[in-house]
Amino acid sequence: MSLIVTPRHPALGAEVRGLDLRRPMDAATRQAVIDAWTRHLVLVFPEQPISDEEHVAFTRQLGEPEIFQQTSLGLRSDRVKEIFLVSNVDKHDRLMTPAEPSQKQLSSARQWHTDSSYLPTPSVGSLLHGIEISRTGGLTQFINMYLVWEELPDALRRQVEGKRARHDFGMMSRLVGSPAPSGAERAALPPVWHPLVRRHPVSGRTSLYISSIYNDAVEGMEEGAARRLIEELSEFAAQPQYMYRHAWEPHDVLMWDNRCTVHAVTSHDPTERRVMHRTTIVGREPVVAA
Ligand code: OGA
Ligand code: MN
């Protein structure tokens with residue numbers, strides 16, 4: 001099978017055709033997908049009407065699918081436990097309001113982040129399947145954090161070099177006012193420290209590593225200054241020359257690298273249904289400082 005890979009933006013993001021995600025990949029095809037991913041950071045697979053089971057099976061060919069730890073808000077599918085529900089429709093097919101706890105928590109994704117960075121070995125990548133897509137907004141935006149690191153002004157560079165930031169799952173609820181994690185969830189997810197400047201295990205390239213919805217501290221800095229630094233870094237990163245903005249079509253599947261990109265979704269009309277299913281590839285190694 002030969003893949004047709006077409007860049008969608010000079011910084012990152014490429015469309016991949018010539019692959020049926022429902023079929024197992026042979027070794028050469030799998031390597032071609034990984035090579036395209038290493039090069040483009042975000043892959044768009046258009047017209048892939050996969051079931052949840054096929055979504056998980058495809059993910060398994062790339063790594064182990066994560067099972068979301070938190071069960072209290074209904075964000076994890078009851079039917080297929082590896083599926084994380086990025087949806088404003090509940091299991092009875094009713095539209096939820098933005099005030100509902102699960103929707104508040106999902107609203108954190110409007111701020112720049114990388115998935116599962118609060119784990120000791122954060123996720124490698126995520127695969128998001130657009131089932132019911134928004135036409136009023138709901139664009140998923142990605143930033144190439146290699147480029148951001150290369151072009152980071154010296155004053156900011158000096159503040160992050162050789163330092164670590166803390167990532168706390170509970171930070172997200174403090175930020176958006178969603179329910180705080182329970183005692184058991186907190187015990188299972190203690191805050192972790194990761195280098196702010198990291199080396200990618202496959203490409204060997206250096207990137208800035210921040211996740212603004214989870215970062216609540218930076219080594220050697222007072223709390224307010226640390227938060228301001230993370231915001232300043234996010235603001236520098238969020239420039240059009242570093243960013244691919246994905247406007248969804250039904251049954252697009254997006255696969256992004258959580259080790260060298262951040263992402264954020266734009267808001268949309270909350271009376272419009274938006275149903276996306278995600279798998280997340282478990283990280284196998286700690287974040288290595290560059
Ligand atoms: C995610 C996420 C983006 C979106 O699934 O990890 O941040 O487009 N969602 O909903
Ligand atoms: Mn996310």
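Both counts, for ligands and for their atoms, begin at 1 and track the order of listing.
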- Message: Closer than 4.0 Å to some heavy atom of Thr140 - which atoms of ligand 1 meet that?
- Response: 3 (C), 4 (C), 8 (O)
- Query: Nearest protein heavy atom to atom 1 (C) of ligand 1, by residue and atom, and its distance?
  - Reply: Arg278 NH1, 3.3 Å
- Query: Once rounded to 10 degrees, what value does the angle at the Mn ion (ligand 2) take between OD1 (Asp115) and NE2 (His263)?
  - Reply: 90°
- Trp256 and ligand 1 - part of the residue with a heavy-atom distance under 4.0 Å: side chain
- Report, in ascending order of atom number, the atoms of ligand 1 lying under 4.0 Å from any heavy atom of Asp115. 6 (O)
- Task: State the atoms of ligand 1, each with its element, that fall below the 4.0 Å cut-off from a heavy-atom position in Val86.
- Result: 5 (O), 10 (O)
- So does Arg135 pair up with Glu249, basic N to acidic O under 4.0 Å? yes
- Message: So that I know where these two stand, are His55 and His277 an aromatic pair - ring centroids less than 6.0 Å apart?
- Response: no
- Query: Is the Phe45 ring parallel, tilted or perpendicular to the Phe58 ring (thresholds 30°, 60°)?
  - Reply: perpendicular
- Below 4.0 angstrom, N of the basic side chain to O of the carboxylate: do Glu47 and Arg17 qualify? yes
- Query: Which ligand 1 atoms, with their elements, are less than 4.0 angstrom from a heavy-atom of His113?
  - Reply: 7 (O)
- Message: I want to check a possible cation-pi pair here: Arg198 against Tyr209, using under 6.0 Å from ring centre and within 45° of the ring axis as the test.
- Response: yes
- In Å, rounded to the nearest 0.5 Å, how long is the span from CG of Leu208 to CE of Met145? 4.0 Å
- Message: I'd like the name of whichever of Arg274, Gln141, His246, His263 reaches closest to atom 4 (C) of ligand 1 through any heavy atom.
- Response: Arg274
- Query: What atoms of ligand 1 come within less than 4.0 Å of a heavy atom belonging to Ala109?
  - Reply: 7 (O)
- Query: Any chance the rings of His263 and Trp256 have centres within less than 6.0 Å?
  - Reply: yes
